[in-house]
Amino acid sequence: MERLGEKYQSVEAFGWAARDSSGHLSPFVFSRRETGEEEVRVKVLYCGVCHSDLHCLKNEWHSSIYPLVPGHEIVGEVAEIGRKVSKFSIGDKIGVGCIVDSCRACESCREDQENYCTKSVATYNGVHYDGTVNYGGYSDHIVVDECYAVKIPHTLPLASAAPLLCAGISMYSPMKYFGLAGQGKHIGIVGLGGLGHIGVRFAKAFGSKVTVVSSTAGKSKDALENFGADGFLVSTNEDQMQAAMGTMDGIIDTVSASHPILPLVGLLKPNGKLVLLGATEKPFDLHAFSLILGRKSIAGSAIGGIKETQEMINFAAEHGIKAEIETISMEYVNTAMDRLAKGDVRYRFVIDIANTLAVTRS
Amino acid sequence: MAKSPETEHPNKAFGWAAKDKSGVLSPFHFSRRDNGDNDVTVKILYCGVCHTDLHTIKNDWGFSYYPVVPGHEIVGIATKVGKNVTKFREGDRVGVGVITGSCQSCESCNQDLENYCPQMSFTYNSIGSDGTKTYGGYSESIVVDQRFVLQFPEGLPSDSGAPLLCAGITVYSPMKYYGMTEPGKHLGVAGLGGLGHVAVKIGKAFGLKVTVISSSPSKEDEAINRLGADSFLVSSDPQKMKAAIGTMDYIIDTVSAVHALFPLLGLLKVNGKLVTLGLPEKPLELPIFPLVLGRKMVGGSDIGGMKETQEMLEFCAKHNITADIELIKMDEINTAMERLAKSDVRYRFVIDVANSLSPP
C-alpha cells in the first residue's frame, strides 16, 4: 500500500529496507523527523542482526509494514541533541534497543518496565505516537528520545556491544527477575544462538553453574571452551537428558521454533522455573502433573526495561562480556539472512554501518 | 506366597474399598501394622471426600492399585502413641493428610517439604516405608509415623475442619510460596468446589480482594453472600471476561477438568501468576504469547509440607475458617461419588466414619 511517500519528514535518511514479504533488503532513501527537544540524533555505527529482524522481514508475525527497515541492536554516536537533553552529549557512544517510546504513565512504565507497557513503540515496524512508521538501525542515523537510549561505557568494544541491546537484555532480565543468577544456582540455557551464547557468559559472570541444552552436538566445544559453560546436553540424546533430570534450578529457553517442553520441565529441580523467550504461535501441551509434582513453573519474559538495559550494559562492561560476532558489510545482509535462517552464524551478525552503508547508495 | 490384605499385618482392620475401576466402594476387610515406636494409632472420627479419591477409584490417572481404600482428610483421636512419640498423647485430637511417608533425609525433607520428596508415600494407594500398600481414611483407624500426624487445634471442628487437611493446605501452600498474600491485591479463584471455596475464605483472611471465576452462574449468590467473595465472574460470559482483562494479580485455578488457560491468563496483570492445582487426565493447552508479552507465570503446587500444614491449621483456627460440608454416612459414599462427579456438592462431603462405619 502506498503511504504518504518516504520523504514526508524533514531530514533525509538512507538505509536498507525490504519492500515485501520476500524479505529481500535493498537500498532505501527515506526521511526522519527533526530532533525534538528531548531527543538525540544518533549516527549509527553498528547494528546487530536479530532473529526478530528475519521474522519481521518475512512477515511471519503477520504485522509487518513495508517498506521495512529492521534493526534494534543499534550502537552509534550522538550527533545532535535537543535543547532539553541532559543524559547525553555530542560524541557520546550510545545504544538503542527494541523500544523507542512507551506511554510513560501505566504501572509498567512507572516501574521502569517499559517493555511490558501495552502501548510501547517498537524501534522498527512500530507506529510512533505522531503516526509515523519507525525505521530501524539498518540506516545511517536514528532519532530517539533520550529516555530510551543507554550509554555505552568506553571499555566495551562497540561492534560486539550491539547485540547486548536485544539479545543481552533478553537473557539478563529473566536471570535477575526469576532469581536464577548467582552462586550455587544451576541454570540450563536452551539453544546456543545469538541469545544463548550471551546468556552463558552472563550466567557465568553471575557465578552460576551453566549447562547448555542444544540440538547441535557440534556446538559443544564453543559452549565449554569459548563461553565457559560447565556442561552440554544434546537435547535429542535421551540418555543424557534422563541423567540430567531434576538437576537445574532454572532454565532459559531461547528457542523460537516449536519444540517439546516436557523434557525441559523434567530437567528442573523441585521449585525450578522454566522461562520461555521464544513466543511460538502453537500452544504447548501442559501436563499438569509435571508442574504440580515438584512445584515447578513456566513463565515468559520479553527483553527488559531501559533502566535495566543500562544496568546490564554496565555489568557487561565491568565483566568484559561481549557478543561473539561476525562483522559484515551492508551488502552482505541478504546472504547473512539466508545463513541466519539456517542457524549458520557463530553467533551474531553485526553490520558495520558506518563503513559500509554509504557506499551502497548509488 | 504373597499375603492377602487381611493377613499381611497383625491387626484386623475394616473399611470401604473400590475393587476395580468401576469405582464402586463396598465393605473391605484388611489389616494394619502394630503401633511402632514412632507411630500414632488414630481412631478415625471423620474423613473428607476429596476429588482425588474419585480420580483414584476410577483409575483416571492409570496408577490405581486395587483394592483402594481412599481418604486423606482424616480427623480422629490418638489411641496409642509409640515410646519415641513426644508431640502427641493418647486422647489428643489429631489429623492425617495426604502423605504418610517420606525419606526424611533429602533436601526437600530437610526443608520440611516432605511433599516434594521423591520417595514420598501417600496415605492411600501407595507403597509405605515398610514395603506394603497404604490404605486411607475410609476406615476405622490408621497407624501413622508421628512426623505425618498433625495436632488439630482447639476451636477447629473435627467435621468441617477435616477437608483442610487436603483442600486447605493445597490452596494455602501456593498462596504463601508464590507470594499471593499481599493485602489489597486481587486474587481470582477459578472453580468453586472443595478447593475453590476454601481458597476464597483463606484469600479474604489474607486481606485480598477475591473474585470467583466460575462457569456456574448459580453459585454467585453463595460466593458473595456466604463465602465472602468480592465479585463473581461467569467464565462463559465473553463480555464480562473481556472487561476483567488485566485486573488480577494472582489466580488460583482449582478446576479439575480440562479447560482453557488462555482466557484466565488474560485476566492477569503484567507479572501475574496463575497456580494450577487441578489434575485433569489430559494436557491443558498453554499459550506462550501471553506469558512472554506480560511476563506471566503458570506454576504448580502439590499440597504442602507437614510443618506448613500445621501452620495452615493454626491459621484457619485463628480466622474461623472451615469447609462448608455435607456430612454423609459411610454407606452413602457411592451416591456421594456420583454427585461429586457432577460437582453436585456445596462444597465437600465428609464421612461421619465413627458413627456410620460398622463391620458387618
Side-chain angles (χ1 to χ4, degrees), chain A residues 61 106-111 113-118 120 170 173-174 177-178 245-246 249 253-256 258-262 265 268-305, chain B residues 61-63 106-109 111 113 115-118 120 170 173-174 177-178 245-246 249 253 255-262 265 268-305:
Chain A
W61 294 329
C106 69
E107 201 174 329
S108 293
C109 285
R110 284 186 276 113
E111 290 176 0
Q113 291 174 26
E114 300 89 354
N115 46 320
Y116 296 115
C117 168
T118 51
S120 64
S170 293
S173 182
Y177 180 72
F178 292 105
M245 281 184 75
D249 295 286
D253 184 354
T254 73
V255 176
S256 53
S258 209
H259 59 289
I261 58 153
L262 197 56
V265 176
L268 292 170
K269 289 179 187 173
N271 305 315
K273 294 167 190 157
L274 170 61
V275 182
L276 304 172
L277 304 184
T280 53
E281 271 198 50
K282 188 165 171 284
F284 285 138
D285 275 341
L286 176 65
H287 297 256
F289 269 105
S290 65
L291 294 188
I292 285 171
L293 300 180
R295 195 161 60 180
K296 299 176 184 178
S297 43
I298 299 176
S301 181
I303 38 173
Chain B
W61 298 325
F63 51 78
C106 69
E107 203 177 322
S108 291
C109 285
Q111 290 172 29
L113 293 171
N115 48 323
Y116 298 115
C117 168
M120 157 189 64
T170 298
S173 181
Y177 176 71
Y178 288 103
I245 282 177
D249 296 282
D253 183 0
V255 178
S256 54
V258 171
H259 59 286
L261 285 178
F262 182 78
L265 292 174
L268 288 172
K269 293 178 185 174
V270 168
N271 301 321
K273 295 171 187 166
L274 182 148
V275 176
T276 179
L277 300 176
L279 289 165
E281 303 118 61
K282 295 210 173 72
L284 300 175
E285 270 191 3
L286 177 64
I288 306 305
F289 263 101
L291 298 185
V292 172
L293 295 180
R295 196 160 60 180
K296 297 177 184 179
M297 169 194 271
V298 173
S301 183
D302 189 18
I303 35 167

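All figures in this text were calculated on a predicted structure; none of them were measured in a lab. Just the heavy atoms: all of them, side chains too, but no hydrogens, waters or symmetry mates, feed the values below. In what follows, chains are A, B, ... by sequence order, proteins preceding strands, each numbered from 1.
- Note that CG of A:Leu293 and CG of B:Leu279 are 7.5 Å apart. Values are rounded to the nearest 0.5 Å.
- Residues satisfying the salt bridge (charged side-chain N to carboxylate O under 4.0 Å, His left out) criterion with A:Asp249, sequence neighbours excluded, are A:Lys269.
- Options B:Val270, B:Val275, B:Leu274 differ in how many heavy-atom pairs under 4.5 Å they form with chain A, and the most are formed by B:Val270.
- In terms of heavy-atom pairs under 4.5 angstrom with chain B, the leader among A:Lys273, A:Arg295, A:Glu107 is A:Arg295.
- Within 6.0 Å of atom CD in A:Glu111, more than 12 heavy atoms from other residues, nucleotides or ligands are found, so the atom counts as buried in its surroundings.
- Between chain B and the options A:Asp285, A:Leu277, A:Ile298, the largest number of non-hydrogen pairs under 4.5 Å is found for A:Ile298.
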For residues 292-304 of chain B, which side-chain N or O atoms pair as donor and acceptor with protein atoms under 3.5 Å away, sequence neighbours left out?
{"from": "B:Arg295", "atom 1": "NE", "to": "B:Asn271", "atom 2": "OD1", "distance (Å)": "2.8"}
{"from": "B:Arg295", "atom 1": "NH2", "to": "A:Gln113", "atom 2": "OE1", "distance (Å)": "3.2"}
{"from": "B:Arg295", "atom 1": "NH2", "to": "B:Asn271", "atom 2": "OD1", "distance (Å)": "3.4"}
{"from": "B:Lys296", "atom 1": "NZ", "to": "B:Leu265", "atom 2": "O", "distance (Å)": "2.8"}
{"from": "B:Lys296", "atom 1": "NZ", "to": "B:Leu268", "atom 2": "O", "distance (Å)": "3.1"}

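- Considering all non-hydrogen atoms of both residues, B:Tyr116 and A:Ile292 come closest at CE2-O, 3.7 Å.
- The CG atom of A:Asn271 sits 9.0 Å away from atom CD of B:Glu107, with the distance rounded to the nearest 0.5 Å.
- The line from CG of B:Leu286 to CG of A:Leu276 is 7.5 Å long, rounded to the nearest 0.5 Å.
- Residues B:Phe262 and A:Pro283 fail the side-chain proximity criterion, which asks for heavy atoms closer than 4.5 Å.
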